[in-house]
Engineer: 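Sharing a structure here in structure tokens format.
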Amino acid sequence: MEKTYQPQAIEGKHYQRWEENHWFQPSGEGSPYCIMIPPPNVTGSLHMGHAFQQTIMDALIRYHRMQGDNTLWQTGSDHAGIATQMVVERELAREGKTRHDLGRDAFIDKVWEWKEQSGNTITSQMRRLGDSVDWTRERFTMDDGLSNAVREVFVQLYEEDLIYRGKRLVNWDPKFHTAISDLEVENKEEQGSLWHFRYPLLDGAKTSDGKDYIVVATTRPETMLGDTAVAVNPDDERYTHLIGKEVELPLVGRRLPIVADDYVDSEFGTGCVKITPAHDFNDYEVGKRHGATLVNILDQNAAVLQKAEAYTYEGRPIDDFDGTLPDGYGGLDRFEARKKIIADFDALGLLDSIKDHTLMVPRGDRSGAVIEPWLTDQWYVSAKPLAEPAIKAVENGDIEFVPKQWENTFFSWMRDIQDWCISRQLWWGHQIPAWYDKDGHFYVGRSEQEVREKHNIGDDIELTQDEDVLDTWFSSALWTFSTLGWPEREDLVKTFHPTDVLVTGFDIIFFWVARMMMMTQHFIKNDDGTPQVPFKKVYVTGLIRDENGQKMSKSKGNVIDPIDLIDGISADDLVAKRTSGLMQPKLAQKIEKNTRKAFPEGMEPSGTDALRFTLTSLATQARDINFDVKRLEGYRNFCNKIWNAARYVLMNTEGEDCGQNGGDVQLTLADRWISSRLQRLEADVHRHFENYRFDLMSQALYEFIWNEYCDWYLELSKPVLWDDNASAEIKRGTRRTLVRVLEAILRLAHPIMPFITEEIWQSVKDLAAREGDTIMLQPFPQPDENKIDQQAEADIEWLKGVIVGVRNIRGEMNIAPGKPLPVLFQKGSLEDKRRLEENENFLKTLAKLESITWLNEDDTAPMSATQLVGHLKVLVPMAGLIDVEAEQARLTKSLDKARKDLERVEGKLKNENFVSKAPEQVIAKEREKADGLAATIQELEGQMKQLEELA
RNA sequence: AGGACUAUAGCUCAGUUGGUUAGAGCGCUACCUUGACAUGGUAGAGGUCCCCAGUUCGAGUCUGGGUAGUCCUACCA
């Protein structure tokens, strides 16, 4: 073995071997265990969140595979409608073309080309991560099977009246020319203004203070062109006499009724609200209540129409409406129109005032454009009836969120769920299976053929398919069963569905998790006909942020590519990566500065295992996870530690008898101790898998491997292995323990660190008498109660106490670590004596002792530095070595601490309430503690006295 | 505005039903290249567990209030 751990030398070969041998596929035996990967964007690349979640999924999958389950990790990717279309359109823009230049079919071909080209980026990155997904079953939301599932679901829901088409206000993205769902809109506070406009009262009406106009306030002046009412609060005495009167809409000349509606807050602004039902969600509701006409004034680019269009709330055009707009507005962008409106009002003397105002601006999460509420024909899913079973499933525990608190988030959204707008005005996606005839009648079916047959439409009648596609999340919502072959085949669904756990981030609970539940429960049923859940558990991970708690984003330039952590990257390359392809090139300088500050030397290669271990250790219950590269370095060192421990084991066992072929063994205290500790570790690891506490799991592994196995057991094995007089049985026992514990550690750590464990396992499997081609198919270690040895654990604690005591004296007294010391023991019990006799060899080697002498209680000891281990005094004679003052200081420190502790404990014991109310055990424990402390103090005081006499 | 979450060592974080001497990694100090490992070893330093009150024999842990921060949802034109 190499002297240091070099991940790049070992990782690739194992993955290839695993995959080639089809070891990632379900075994077909044992109870089914299945995880569906949240499908990454097919043209995307791996980010820290993927690495994090996939590490957890892989750990679970490897664990269950080793437990003998019929384990499937289903992989695949998502077509990511807007995101992908956007990328390809940007490519085209470089050639000076738009998608319309190509036409729909050619454009879609182009997207598929792009997918072929970039689609394997993420899959090769997943291989680097060690993901043991079943590649032979990889699916894509746009492949034939899944598209078929999408059509089937759409048609069935339509036939059940759960999908409908309607003219409604939607969140319109004027940049991408598509509707988006509420969830895709980000509301952010921005600085704006509140304009106060005067609307003249008609027919001689006057306000209570005698004015012939009322004042309305707006943040969006341009929408006034579509105003069809003015609303006031019915209880607002200033305006009650005006209700039912009319105002004239300036510039347009339309008569607007003044209506009363509770929606209006009299306290805000002037208490008068202009109502623009076709351009504001609240106004839509108000307008509907009062029959105010829907007047649309904008086109798909959010520019002003030449002529306004009016509609009823049923979506029918009102033909006799006069949609004339003032001159000069037609074709004007909404923001240009705003300026002009303000100027025109000002010129007419109708601009009352302008105030600074902070408002929430809705922006498309992909485009960044200000979203326009716009009246369009769209397809909707009736969410309420579908949401009910999903809510029930969580309420009755069929689906459990981990951590549980996320259930509240889920409930709060589900109980107030709105219908889901599923149509998108894009080309890339599942085209809606609805066909229109010339009169605008539509027919829904699985194909044009089906539609014609079902509705008796002859070939002479022309049908055209709906141009729109479905929201990407529509197909993702079917993911757990569509990937298993639904609706064509049921067998896999029967075996692997419901899946066991969904591992995902809280940011897509609404987007995806909830919708998956709704769709799955509707379409997949249990044997008894009840709705089947898509998964039994939802493990919600935190969101990975940078070391300062900032969200990682391209524009902040703080994105970390997991592959760079694995392979390392120079500072220059990292800067180049972070500053290329920026939307706002001016940020480059700042990004470079921050990057060079955070990573002056770039990133060291750490290997996949160290990254995975780090991510695992970060998997706490917290919502935000700040990723600090320092943590990664620590765990890379941990890998090196394992590597070197294995080197040591191999150096001492290869070619030696490790008991693999039987033969008598004699186990030392150390052997029994480490085996005992191992059982506890194994139990802990199982428990932590059950509870999804990966952080505690990695901590338990770290502590055992480093602080018990390496720091103590390996050291304790040396006196045996180096002792020429030791028996064959005892050496065999030590070697066997050395190898077996290492081998068990490897299996325990394998789900988290697949590569290093496989690499080492290949070298130790024979020595540990294990058979098999790969660690990944070995049984996961099971704890054995019978191997827990409390006596051995207590004895080793004693041994450690003595050794640490001597080392402490060395350290504090500045005695060279290598200098052999004579040590005297006094006032020990019979137990101490037994322990000493049994462990003299260990003690001498580990504490570097020259001699050990057992003094009787009444023997006078020479002047010594003292350390107490329980009641036992461990004495290092001071002659020639010791600085009296240093020893005094050392003792004073211990004494102070002991006195303080005693004071506290005695305080408790003196408290009558404590003695009368606390449980027996607790009191006894405190008494014992007090006795021990008192004895310690007495000893230390005696020792101090001796020192004083000497000085 | 409503709701949720967080507050523990210099930094990033654990602390499972209230009962230890409050822990880990990184960082820091001193010493050490000893035959697995300097990506290391040994020994240390470092905490008003945000503040106040309450419940309790006993609170980092439970309750109420406050402060600070983060996020989500809904928004007043």
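Throughout, a chain's letter reflects where its sequence line sits, starting with A, and its residues are numbered from 1.
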Engineer: Regarding A/Arg238 and A/Asp236, does a basic nitrogen lie under 4.0 Å from an acidic carboxylate oxygen?
Structural biologist: yes
Engineer: Between residues 902-911 of chain A and RNA chain B, which residues have a heavy-atom gap below 4.0 Å?
Structural biologist: A/Arg904, A/Asn911
Engineer: List RNA chain B stems (3 or more consecutive Watson-Crick/G-U pairs, under 3.5 Å)?
Structural biologist: B:1-7 with B:67-73, B:10-13 with B:23-26, B:28-32 with B:40-44, B:50-54 with B:62-66
Engineer: Minimum heavy-atom separation for A/Met697 to A/Ile752, with atom names?
Structural biologist: SD-CD1, 3.9 Å
Engineer: Need one value for A/Lys917: base, sugar-phosphate or nothing, where a base atom within 4.0 Å counts as base even if backbone is also close, heavy atoms only.
Structural biologist: base
Engineer: Ignoring hydrogens and angles, does a donor from either the side chain of A/Arg693 or the base of B/U16 sit under 3.5 Å from an acceptor on the other?
Structural biologist: no
Engineer: Please measure how far the P atom in B/A24 lies from the corresponding atom in B/A43, and state the result in whole Å.
Structural biologist: 13 Å
Engineer: Of A/Phe613, A/Trp706, A/Tyr5, which is the lone residue that meets ring-ring contact (aromatic ring centres under 6.0 Å, His included) with A/Tyr635?
Structural biologist: A/Phe613
Engineer: If we check side chain to side chain contact (heavy atoms under 4.5 Å, CB included) with A/Met48, which of these qualifies: A/Ile625, A/Leu543, A/Leu615?
Structural biologist: A/Leu615
Engineer: Using the C1' atom as the point on both nucleotides, what is the distance between B/U20 and B/U61, in whole Å?
Structural biologist: 15 Å
Engineer: Looking for any heavy atom pair under 4.0 Å, which part of the strands does A/Ala646 touch: base, sugar-phosphate only, or nothing?
Structural biologist: nothing
Engineer: Please determine whether a side-chain nitrogen or oxygen atom of A/His357 lies at a distance below 4.0 Å from atom OP1 or OP2 of B/A77.
Structural biologist: yes
Engineer: May I ask you to say what A/Val915 touches in the nucleic acid, namely base, sugar-phosphate or nothing, with a heavy-atom cut-off under 4.0 Å?
Structural biologist: nothing
Engineer: In residues 713-720 of chain A, what residues come within less than 4.0 Å of RNA chain B, judged by heavy atoms?
Structural biologist: A/Leu714, A/Glu715, A/Lys718
Engineer: Closer than 4.0 Å, any side-chain N/O of A/Lys3 to the OP1 or OP2 of B/G35?
Structural biologist: no
Engineer: Of all residues at least two apart in sequence or in a different chain, which pass the salt bridge (charged side-chain N to carboxylate O under 4.0 Å, His left out) check with A/Lys900?
Structural biologist: none
Engineer: side-chain hydrogen bond (donor to acceptor under 3.5 Å, both in side chains): which pairs involve residues 264-281 of chain A, sequence neighbours left out?
Structural biologist: A/Thr223-A/Lys274, A/Asp227-A/Lys274, A/Asp227-A/Thr276, A/Lys274-A/Thr276, A/His279-A/Asn296
Engineer: Hey, can you pull the residues of residues 603-610 of chain A with a non-hydrogen atom under 4.0 angstrom from RNA chain B?
Structural biologist: none
Engineer: Looking at side-chain heavy atoms only, is the closest gap between A/Glu656 and A/Asn652 below 4.5 Å?
Structural biologist: no
Engineer: Applying a 4.0 Å non-hydrogen cut-off, can you work out what A/Lys848 is touching in the nucleic acid: base, sugar-phosphate, or nothing?
Structural biologist: base
Engineer: Does a side-chain N-to-carboxylate-O contact under 4.0 Å join A/Arg363 and A/Asp365?
Structural biologist: no
Engineer: To the nearest Å, how far apart are A/Leu632 CG and B/C26 C1'?
Structural biologist: 12 Å
